[in-house]
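Everything below concerns the one structure shown next.
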Amino acid sequence: QVQLVESGGGLVQAGDSLRLSCVASGRFASTYNLGWFRQAPGKEREFVAAISWGGLSTVYTDSVKGRFTVSRDNDKNLVYLQMNSLKPEDTAVYYCAAGGTKFPPRVYDYWGQGTQVTVSS
């Protein structure tokens, strides 16, 4: 069992930056691949980025490439999503998720509660 708690969301203006954090707790938490997803009002949840358990591999959805960076600190069981050059269309609830053995995971087994990011124009 892995527990995930996100933080760092907020209200910013277009062009600003935010860094989201997600702390993973539980047995073998550091061995999971971790991903970030987001869900905007009225839309389905979509994949944003993922990082392998060792931090050596990352993958991003096209709309955030060059603007967002995912990283992790396994000593602290933390995963980060650095978001730069934010756009109003980045407004969403952002979720952290932990997934299984293959990278990128096809299934994520554990989810956090989400943190709201609002970008004003």
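Index from 1, following the sequence. Side chains are part of it too, since the values below use all heavy atoms of this structure and drop only hydrogens, waters and symmetry mates.
Among pairs with a residue in residues 90-99, those fulfilling side-chain hydrogen bond (donor to acceptor under 3.5 Å, both in side chains) read Arg38-Asp90, Arg38-Tyr94, Arg67-Asp90, at least two apart in sequence or across chains.
Ser52 and Asn33 share no donor-acceptor pair across their side chains, judged by distance under 3.5 Å alone.
In this structure, Asp75 and Asp73 approach most closely via the heavy-atom pair N-OD1, 3.0 Å. The two residues Ser30 and Asn77 make their nearest non-hydrogen contact at CB-OD1, 3.6 Å. For the residue pair Leu4 and Ala24, the shortest heavy atom distance occurs at CD2-CB, 3.5 Å. Of all non-hydrogen atoms in Pro104 and Val59, the two that sit nearest each other are CB-CG1, 4.1 Å. Residue Pro88 comes nearest to Ala14 through the heavy atom pair CD-CB, 4.1 Å, listed as atom of the first residue, atom of the second, then distance. Among all heavy-atom pairs drawn from Gly99 and Tyr32, the shortest one is O-CD2, 3.3 Å.
Listed by chain and number, the residues in a side-chain contact (heavy atoms from CB on, under 4.5 Å) with Thr31 are Phe28 (sequence neighbours excluded).
One distance of note links OG of Ser71 with CD of Gln82; it measures 8.0 Å at 0.5 Å rounding. Here CD of Glu6 is found 8.5 Å from CG of Leu20. Values are rounded to the nearest 0.5 Å. The distance from the CD atom of Glu44 to the CD atom of Glu46 is 10.0 Å, given to the nearest 0.5 Å. The distance from the CG atom of Leu86 to the OG atom of Ser120 is 10.5 Å, given to the nearest 0.5 Å. The distance from atom CG of Leu81 to atom OG1 of Thr115, rounded to the nearest 0.5 Å, is 11.0 Å. Atom OG of Ser63 is separated from atom NZ of Lys87 by 8.0 Å, given to the nearest 0.5 angstrom.
Both Tyr60 and Met83 belong to a single network of hydrophobic side chains, linked directly or stepwise wherever heavy atoms of I, L, V, M, F, W or Y lie under 4.5 Å apart. Phe47 and Phe68 fall into different hydrophobic clusters, where Ile, Leu, Val, Met, Phe, Trp and Tyr residues are linked whenever their side-chain heavy atoms come under 4.5 Å apart, directly or through other members. Note on Leu34: it clusters hydrophobically with Tyr110, by side-chain heavy-atom contacts below 4.5 Å among ILVMFWY residues. Cluster membership check: Val79 shares its hydrophobic cluster with Val2, using side-chain heavy-atom separations under 4.5 Å among Ile, Leu, Val, Met, Phe, Trp and Tyr. The cluster map of Ile, Leu, Val, Met, Phe, Trp and Tyr, joined by side-chain heavy atoms under 4.5 Å apart, puts Ile51 and Tyr108 in different clusters.
Note: Phe37 and Trp111 meet the aromatic proximity criterion, with ring centroids under 6.0 Å apart.
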- Query: What's the verdict on side chain to side chain contact (heavy atoms under 4.5 Å, CB included) for Val70 and Tyr80, showing C-alpha distance, side-chain angles and the deciding distance?
  - Reply: CA-CA 6 Å; Val70 60; Tyr80 303 102; over 6 Å; no
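Two residues are said to be in side-chain contact when any heavy atoms from C-beta on lie closer than 4.5 Å; Val119 and Val117 meet this criterion.
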